[in-house]
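Data first, discussion second: the structure below is written as structure tokens.
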Protein chains: 2
Amino acid sequence: MPDSRKRLLFEKQARIAQAIGHPLRLEIIDFLKNGEQCVCDIAEHIGAERSNVSRHLGLMVSAGVLEHRKEGLKVIYRLKCPCILDFFTCISSVLKKEAKESSRLLKVLC
Amino acid sequence: MPDSRKRLLFEKQARIAQAIGHPLRLEIIDFLKNGEQCVCDIAEHIGAERSNVSRHLGLMVSAGVLEHRKEGLKVIYRLKCPCILDFFTCISSVLKKEAKESSRLLKVLC
DNA sequence: TTACTATATGATTATATACTCACATAGTAT
DNA sequence: ATACTATGTGAGTATATAATCATATAGTAA
């Protein structure tokens, strides 16, 4: 793979990682794992302003993480690919590794 | 799980996702998958300023993605957990999904 | 000691992101 | 038509991030 193409790929990948790299957005993704939801229900669930939630949703759509459809007045968002949930598994491995280290350190100190 | 604890978890997870959400940092992680490297070799490989690379590395260490050790003058960085590489698999799934859609759209247009 | 190398970091600037408020739009209901 | 609701977006502000340059530190070698 040529260098310029590789760089473009890293940029695309970074965009996706960035799109999920925010606590509210992760909470939204976690909420949507059980099925599609409209903006106002998402906003209520995570306890944030609708306009703010709307922006976060737009960002995730443009990053290719979510997709949406209209239903009357409401706009319904859903995960574009359930594979995005693998992120949680992957992140958990990193956090577990960290937690193990902390507990090991704690044992040495006590 | 109580709400405050859940929020804290999302923040920790977001920090990790953010730590890999940058093209240069992804390139560094990709470079380190084959083994540990010192700062200057990393900087040369990705073609960026050492001071800049040093900051990116520090950021990833504090997010728990990398760890480092000293060896003489050099500081050697490595992946703290190879599981971070699963991110690439996960991201690829999202990108593939997107690519499939684009090609389907293209077929309709031509 | 001095000279050199690798790395980290303070200070600065530029840019990006997050959030809020106010308003516009679109659909629904009366 | 008016009134209402859900959503999106412009404008502004605050904060975070990225990059660069200059400098400091730490180890090496002469």
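Heavy-atom basis, side chains included; hydrogens, waters and symmetry copies ignored.
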[X] side-chain proximity, nearest of [options]:
X: A/H56; options: C/dC19, C/dA8, D/dA19; value: C/dC19
X: A/L24; options: D/dA18, C/dA6, C/dC19; value: C/dC19
X: A/V39; options: C/dA6, D/dG8, D/dA6; value: D/dG8
X: A/K74; options: C/dT20, D/dA6, D/dA18; value: D/dA6

Tell me: [atom1] of [X] to [atom2] of [N], nearest whole Å?
X: B/E11; N: D/dA16; atom1: CD; atom2: P; answer: 12 Å
X: B/R50; N: C/dC4; atom1: CZ; atom2: C1'; answer: 12 Å
X: A/I28; N: D/dT7; atom1: CD1; atom2: P; answer: 12 Å
X: A/L57; N: D/dA6; atom1: CG; atom2: C1'; answer: 13 Å
X: B/N52; N: C/dA8; atom1: CG; atom2: P; answer: 13 Å
X: A/H68; N: D/dA6; atom1: NE2; atom2: C1'; answer: 14 Å
X: A/E36; N: D/dT7; atom1: CD; atom2: P; answer: 13 Å
X: B/R25; N: D/dA19; atom1: CZ; atom2: C1'; answer: 12 Å

Please determine if a side-chain N or O atom of [X] lies less than 4.0 Å away from the OP1 or OP2 oxygen of [N].
X: A/Q18; N: D/dT17; result: no
X: B/H22; N: D/dA19; result: yes
X: A/Y77; N: D/dA6; result: no

Checklist entry - With hydrophobic residues grouped by side-chain heavy-atom distances under 4.5 Å, do B/V39 and B/I76 end up in a single group? => result no
Checklist entry - Are A/L85 and A/I28 in one and the same hydrophobic cluster, where Ile, Leu, Val, Met, Phe, Trp and Tyr link if side-chain heavy atoms are under 4.5 Å apart? => result yes
Checklist entry - Is the SG of B/C81 found under 2.5 Å away from the SG of B/C83? => result yes
Checklist entry - Any donor-acceptor pair under 3.5 Å linking the side chain of B/S54 with the backbone of B/R50? => result no
Next on the checklist: Quick check against the 3.5 Å criterion: does A/R25 have a side-chain atom that pairs as donor or acceptor with the backbone of A/L59?
Outcome noted: no
Checklist entry - Of B/D41 and A/A48, whose closest DNA chain C nucleotide lies nearer the 5' terminus? => result B/D41
Checklist entry - Does a salt bridge link A/E27 with B/K6, judged by any charged N lying under 4.0 Å from a carboxylate O? => result no
Checklist entry - Reading nucleotides 21-30 of chain D from the 5' end, what letters show protein touch, with B for base, S for backbone sugar-phosphate only, - for no heavy atom under 4.0 Å? => result B----BBS--
Next on the checklist: Quick check on A/R5: does its CZ atom have over 12 non-hydrogen neighbours (other residues, nucleotides or ligands) under 6.0 Å away?
Outcome noted: no
